[in-house]
Number of protein chains: 2
Amino acid sequence: MLKLTKKADYGLMALKYLAEHPETVALSAKDVADAYGIPAQLLAKILQLMTKHGLLRSHAGMNGGYSLARDARQISAYEVILAIDGPFFITSCTKGTKSCELTPSCTIKEPLARVNDTIAGVLKSISIQDLAEHEQPANRAREGHGLVALTL
Amino acid sequence: MLKLTKKADYGLMALKYLAEHPETVALSAKDVADAYGIPAQLLAKILQLMTKHGLLRSHAGMNGGYSLARDARQISAYEVILAIDGPFFITSCTKGTKSCELTPSCTIKEPLARVNDTIAGVLKSISIQDLAEHEQPANRAREGHGLVALTL
DNA sequence: GAAATGCCGACAGAATCGGTCGTATACTGA
DNA sequence: TCAGTATACGACCGATTCTGTCGGCATTTC
């Protein structure tokens with residue numbers, strides 16, 4: 001399928017929302033959840049995850065909430081996905097801990113690992129700021145573009 | 001997460017195997033399954049799927065089996081994944097049939113849709129032939145490389 | 001001290017995925 | 001013609017993962 005989980009979507013949406021409201025000191029999980037119609041408790045856990053990974057700063061107590069730990073330009077979509085869904089690999093048998101058992105099967109995986117890197121590169125090149133800026137599809141014809149080379 | 005299903009992996013492996021054995025007229029599902037230790041019946045269904053999508057030709061009866069419907073260069077990884085896993089979208093709320101119901105939420109999705117296109121482009125640029133050639137990591141330093149531009 | 005908020009673990013329902021089984025159909029070759 | 005091999009297809013089940021909820025606790029502000 002190759003798709004993000006809803007959690008990752010929610011996380012990106014929440015960060016975008018925070019990036020769009022820089023004037024406020026902090027926004028509570030409920031604020032963001034209400035803004036998008038996301039289950040509040042679920043979003044809360046997602047925000048906590050991102051806090052743990054250093055993407056957000058949290059503040060308990062009344063008028064508490066979350067704020068971006070860094071400038072929106074310094075947070076990439078890759079980091080968000082990594083924080084929420086964990087490390088991803090395009091191949092099922094991730095060549096990490098426990099490689100593929102099937103005898104010589106994973107010859108496929110070596111080229112696909114490079115695809116994986118390419119995708120990661122694309123996601124790393126996208127910042128929360130980029131997401132927030134594209135509110136209106138009008139300014140789509142901007143010049144900024146990342147170039148990604150895939151070497152087979 | 002962002003990973004392929006095992007079925008897609010199996011499908012790619014099977015096509016690679018077929019591409020590596022061009023001399024044989026046809027290989028049965030069992031042949032391929034045995035070669036890689038894949039459950040035979042599962043692989044059979046995958047091969048049938050790819051046949052239905054025009055990637056393979058099938059031949060029933062004794063000495064039957066499957067053969068590539070086109071040259072290995074003309075079959076992209078994208079087509080394989082599409083045939084097996086169906087159309088994929090990186091975003092949960094695919095902007096196809098039933099768009100996101102959440103009020104204004106899917107502002108995120110528009111930039112991610114472009115990421116999606118980029119990934120699709122990468123996968124389209126990879127042929128079964130490419131997979132088959134990379135049997136040995138020795139000839140990795142080949143010159144052929146696809147260039148993918150992501151315009152934010 | 002009370003209210004609001006974040007923090008955390010456990011858990012349940014739903015969806016998806018991986019894999020199996022059974023049966024029907026098609027082709028080959030003796 | 002008949003047996004054997006192979007594809008074709010649908011139903012099903014167990015396991016895993018994902019989504020979302022609940023309950024309790026900690027922290028800060030007022």
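Labels below follow one simple rule: chain letters A, B, ... track the order of the sequence lines, proteins then strands, and each chain is numbered from 1.
Here the closest heavy-atom approach between residue B:L123 and residue B:S76 is recorded as O-CB, 3.9 Å.
For B:H59, whose side chain is taken as the heavy atoms from C-beta onward, the closest listed nucleotide among C:dT28, C:dG18, D:dT28 is C:dT28. For B:K45, taking side-chain heavy atoms from C-beta onward, the closest of the listed nucleotides D:dT5, D:dT19, D:dG10 is D:dG10. Ranking D:dC9, C:dG29, D:dT21 by closeness to the B:Q48 side chain, first place goes to D:dC9. Side chain of A:P39, nearest nucleotide from D:dA8, C:dT5, D:dT21: D:dT21. With D:dA6, C:dT5, C:dT28 as the candidates, the nucleotide lying closest to the side chain of B:M62 is C:dT28.
Here C:dG6 presents its P atom at 11 Å from CG of A:N63, a figure rounded to the nearest Å. Distance, A:L42 CG to C:dG6 C1': 15 Å, rounded to whole Å. As rounded to whole Å, 12 Å separates atom P of C:dT20 from atom CD1 of B:I38. With rounding to whole Å, B:K6 atom NZ is found 10 Å from D:dT16 atom P. We find that CG of B:D85 is positioned 13 Å from P of C:dT16, with the value rounded to whole Å. Separating the CD atom of B:Q41 from the P atom of D:dA8 is a distance of 14 Å, rounded to the nearest angstrom. Here D:dT19 presents its P atom at 13 Å from CE of A:M13, a figure rounded to the nearest Å. The CG-C1' distance, from B:D31 to D:dT5, rounds to 12 Å in whole Å.
Hydrophobic clustering (side-chain heavy atoms under 4.5 Å, transitive across Ile, Leu, Val, Met, Phe, Trp, Tyr) groups B:L55 together with B:L27. Follow the hydrophobic side-chain contacts under 4.5 Å out from A:L82 and you reach A:L12 in the same cluster.
Among residues two or more places apart in sequence or in another chain, the side chain to side chain donor-acceptor pair (under 3.5 Å) test is passed with B:R57 by none.
Contact annotation: the side chain of A:L68 approaches that of A:I75 to within less than 4.5 Å [non-hydrogen atoms, C-beta and beyond]. Within the 4.5 Å cutoff, side-chain heavy atoms of B:I46 are placed close to those of B:M50.
For the pair A:Y66 and C:dT5, the criterion of a side-chain N or O lying under 4.0 Å from OP1 or OP2 is not met. One finds a side-chain N or O of B:S58 lying less than 4.0 angstrom from the OP1 or OP2 phosphate oxygen of D:dA8.
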*Watson-Crick and G-U pairing of DNA chain C written in dot-bracket, each distance under 3.5 angstrom, with | for inter-strand partners*: ||||||||||||||||||||||||||||||
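Along DNA chain C, the nucleotide closest to A:K52 and the one closest to A:G61 are compared, and the more 5′ of them pairs with A:G61.
Residue-level contact check: A:K30 touches neither bases nor backbone, having no heavy atom under 4.0 Å from any strand. Residue-level contact check: B:A44 touches neither bases nor backbone, having no heavy atom under 4.0 Å from any strand.
Salt bridge status for B:E79 with B:R70: present, with a side-chain N to carboxylate O gap under 4.0 Å.
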